[in-house]
Number of protein chains: 2
Amino acid sequence: MPPRTEPNPIASVWAREQRSPDQPALSRDAIVREAIAMLDADGIEALSMRKLGARLNAGATSLYRHVATKDELMELAVDEVAAEIHVPDADASDWRAAVTEAAASFRTTALRHRWLSSVLGQAGLAYLGPNLMSFSERLAALFTAVGFPEPSGAIDAVLSYTIGMSTTEAAWLTTVARSGESEGEFIARLMPAAQQAAAGHAHLAGSYAESAATTTDPVALRDGKFAYGLEVVLDGLSLRLTR
Amino acid sequence: MPPRTEPNPIASVWAREQRSPDQPALSRDAIVREAIAMLDADGIEALSMRKLGARLNAGATSLYRHVATKDELMELAVDEVAAEIHVPDADASDWRAAVTEAAASFRTTALRHRWLSSVLGQAGLAYLGPNLMSFSERLAALFTAVGFPEPSGAIDAVLSYTIGMSTTEAAWLTTVARSGESEGEFIARLMPAAQQAAAGHAHLAGSYAESAATTTDPVALRDGKFAYGLEVVLDGLSLRLTR
DNA sequence: TCCATCATGCGTACAGTGTTCGCATCGAAG
DNA sequence: CTTCGATGCGAACACTGTACGCATGATGGA
């Protein structure tokens with residue numbers, strides 16, 4: 001093995017700097033973008049400043065010229081990803097469909113970037129990034145336009161439910177992904193241990209046996225579960241609306 | 001400073017512990033207990049195997065005789081803490097009060113051990129520890145005794161809401177605690193930045209201004225917020241019950 | 001009583017982490 | 001052409017989780 005792997009040993013000789021054509025020259029945006037790619041691909045504990053620097057053909061400590069600390073980088077990544085959450089415009093006539101779409105969009109992004117819930121669970125929502133701010137703003141606009149007596153209470157209710165379900169799902173999918181198996185295979189392999197652990201717990205054993213009998217696609221099962229709970233929350237909210 | 005602070009020095013002496021009088025002899029239970037104490041005191045990133053070993057008057061690597069890995073230790077800590085969640089017996093006549101008590105108990109423990117949400121957010125609920133199992137069992141017993149058509153859907157709804165709200169609160173309180181200020185002081189210091197970040201977002205600016213005008217105790221505010229959302233969920237559930 | 005066995009503690013070491021510091025380089029401004 | 005400020009980076013520091021092998025002390029059989 002050679003003593004070191006030199007990123008570009010020849011290029012710098014004859015073409016003094018090659019940053020323009022292929023490499024985007026280590027900007028803050030490029031760093032955040034690549035960090036998100038690594039987080040999506042290999043999970044949250046696979047991201048280190050050294051590996052991220054290597055992926056950008058840069059030294060590990062060069063990143064600190066553009067980002068103060070790793071926590072700040074995660075903050076930027078969270079806000080970047082928050083732009084993917086779509087909240088319909090406030091004037092939507094069908095408020096249930098609008099809120100459902102917003103919640104589903106949140107869940108979709110949380111499952112696409114499974115590290116999101118981990119970061120939010122550790123650092124909370126006191127981030128104040130522009131995309132998170134406009135997400136909150138659009139939610140507030142939607143709920144006040146609907147005419148809820150306590151818009152912030154209604155927002156917190158549906159958002160808490162959505163965060164809780166998405167977090168649980170994301171953690172589950174992370175565990176599944178770490179096993180290298182498909183979701184169905186992992187469930188099948190986990191079932192004996194779960195059944196044994198449920199020995200002496202009548203209701204748990206019953207529900208385990210029942211879920212083992214049904215052969216539904218686990219993705220559809222999770223989708224249905226999320227939709228059901230969301231309907232429950234929306235029903236409770238609609239009671240507060242018509243009065 | 002004495003070498004260790006013993007939580008209940010008297011009861012364990014004459015009642016059941018048979019170890020040597022001075023050193024608790026580094027058992028798995030002692031390790032988990034001390035780990036929880038450190039997590040509660042200084043947060044999740046303050047716990048390292050070396051510090052934990054030092055607190056137990058033991059070398060860093062001695063712990064690995066009783067615990068396979070740090071992740072397993074966290075798993076044990078989560079299950080240990082799960083025993084503090086109280087779920088009323090299934091025969092409670094007032095199901096709303098029973099579910100409310102269970103949810104409140106979950107929230108209380110999640111706020112008492114603010115690292116819990118972080119761990120659950122990263123590892124999920126696929127833990128199968130005995131205390132978590134009996135927690136699930138008691139919830140299942142309660143909801144089926146109430147007579148819900150889909151007990152697991154109802155459980156997931158209220159549990160997701162509770163987890164989401166508790167996680168958000170715990171992360172917020174962690175941020176507050178890290179500042180060294182009281183919650184009110186921290187809010188006061190954060191307000192200018194929040195207001196500035198809300199510039200151009202009409203609804204957010206309005207709600208910020210409104211919350212700045214009210215001088216309510218932040219603890220009471222959070223309690224009310226949680227209760228309101230829980231009522232929403234329970235209302236939605238009761239619609240599914242009476243039919 | 002003596003010896004073998006075995007569980008437990010721990011010192012050392014390894015590979016990795018986030019981050020600081022000072023030095024080199026290089027494009028642009030004066 | 002010279003200066004200067006921004007940028008990249010190698011080395012280093014204080015940590016982390018954990019594997020390995022050695023010491024030690026208790027236990028139980030001969």
Side-chain angles (χ1 to χ4, degrees), chain A residues 1-9 11-32 34-35 38-39 42-77 115 118-119 122-123 178, chain B residues 3-4 18-32 34-35 38-39 42-77 115 118-119 122-123 178:
Chain A
M1 167 171 149
R4 286 181 56 252
T5 46
E6 178 62 34
N8 41 9
S12 65
V13 168
W14 62 278
R16 55 216 184 281
E17 271 299 328
Q18 74 294 0
R19 62 135 176 270
S20 26
D22 44 355
Q23 298 295 345
L26 205 54
S27 72
R28 165 182 282 203
D29 281 340
I31 292 174
V32 173
E34 197 66 29
M38 288 186 65
L39 287 167
D42 300 322
I44 197 171
E45 76 271 4
L47 178 70
S48 78
M49 299 302 272
R50 283 171 169 81
K51 290 180 197 160
L52 178 56
R55 282 263 290 231
L56 290 162
N57 291 340
T61 66
S62 307
L63 311 172
Y64 285 88
R65 294 284 173 190
H66 305 87
V67 159
T69 176
K70 192 189 182 184
D71 285 347
E72 183 187 296
L73 172 60
M74 299 301 295
E75 198 169 334
L76 292 168
W115 45 274
S118 305
V119 181
Q122 271 184 340
R178 209 157 22 212
Chain B
R4 290 182 54 252
Q18 72 289 5
R19 297 274 178 239
S20 53
D22 45 356
Q23 298 294 349
L26 204 55
S27 73
R28 164 182 283 204
D29 282 340
I31 292 175
V32 173
E34 197 66 29
M38 289 186 66
L39 287 167
D42 300 323
I44 196 171
E45 75 272 5
L47 177 70
S48 78
M49 301 301 273
R50 282 170 170 81
K51 290 180 197 160
L52 178 57
R55 283 262 290 230
L56 290 163
N57 292 339
T61 66
S62 307
L63 311 172
Y64 285 89
R65 294 285 174 190
H66 304 87
V67 160
T69 176
K70 192 189 181 185
D71 285 346
E72 183 186 296
L73 172 61
M74 298 302 294
E75 198 169 334
L76 292 168
W115 46 274
S118 305
V119 181
Q122 272 186 339
R178 207 153 28 209

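Since the structure is predicted, the reported quantities are computational estimates derived from the model, not experimental observations. Every heavy atom of this structure was used, including side-chain atoms; hydrogens, water molecules and symmetry mates were not. Numbers restart at 1 for each chain; the letters A, B, ... are given by sequence-line order, proteins then strands.
Listed pair B/Ser62 / C/dT8 fails the phosphate criterion, with no side-chain N or O lying under 4.0 Å from OP1 or OP2.
Here C/dT17 presents its P atom at 9 Å from NZ of A/Lys70, a figure rounded to the nearest Å. The distance from atom CG of B/Leu63 to atom C1' of C/dA7 is 16 Å, rounded to the nearest whole Å. Atom NZ in A/Lys51 sits roughly 11 Å away from atom C1' in C/dA15 (whole-Å rounding). In this entry the distance linking CG of B/Leu56 with P of C/dT8 reads 16 Å, nearest Å. Straight-line distance from the CE atom of B/Met74 to the P atom of D/dT18: 12 Å, rounded to whole Å. A/Leu52 places its CG atom 12 Å from the P atom of C/dT19, with the value rounded to the nearest Å. We find that CG of B/Leu26 is positioned 16 Å from P of C/dA7, with the value rounded to whole Å. One atom, CG of A/Asp71, and another, P of C/dG18, lie 10 Å apart when rounded to the nearest Å.
In this structure the side chain of B/Lys51 never reaches within 4.5 angstrom of the side chain of B/Asp42, judged on heavy atoms. The side-chain heavy atoms of B/Leu52 and B/Leu56, taken from C-beta on, include a pair separated by under 4.5 Å.
Residue contacts for A/Leu47: at a heavy-atom cut-off of 4.0 Å it reaches the sugar-phosphate backbone alone, with no base atom in range. Here B/Ala58 lies in heavy-atom contact (under 4.0 Å) with sugar-phosphate atoms only.
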Exercise answer: donor-acceptor pairs, residues 61-68 of chain A side-chain atoms, under 3.5 Å, sequence neighbours excluded:
from    : atom 1 : to      : atom 2 : distance (Å)
A/His66 : NE2    : A/Leu26 : O      : 2.9

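The B/Met49 side chain lies nearest to D/dG17 when the options are D/dG17, C/dG18, C/dC10.
Among residues two or more places apart in sequence or in another chain, the side chain to side chain contact (heavy atoms under 4.5 Å, CB included) test is passed with A/Arg50 by A/Ser48, A/Ala60.
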Checklist line | Protein proximity profile, nucleotides 19-25 of chain D - base contact B, sugar-phosphate-only contact S, no contact -, cut-off 4.0 Å on heavy atoms | finding: B-B----
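In terms of position along DNA chain C, the nucleotide closest to B/His66 lies nearer the 5' end than the nucleotide closest to the other residue of the pair B/His66 and A/Thr69.
For the helix from C/dT1-D/dA30 to C/dG30-D/dC1, the rotation axes defined at the first and last 5 base pairs enclose an angle of 10°, given to the nearest 10°.
Separating the CG atom in B/Leu47 from the CD atom in B/Glu34 is a distance of 10.0 Å, to the nearest 0.5 Å. To the nearest 0.5 Å, the span separating CD on A/Gln122 from CD on B/Gln122 amounts to 5.0 Å.
Pairs passing the salt bridge (charged side-chain N to carboxylate O under 4.0 Å, His left out) check and including a residue from residues 68-77 of chain B, sequence neighbours excluded, read B/Arg28-B/Glu72.
The base of C/dG16 does not come close enough to the side chain of A/Arg50 for any donor and acceptor atom to sit less than 3.5 Å apart.
Note on B/Arg178 versus B/Glu45: salt bridge recorded, some NZ/NE/NH1/NH2 to OD/OE distance being below 4.0 Å.
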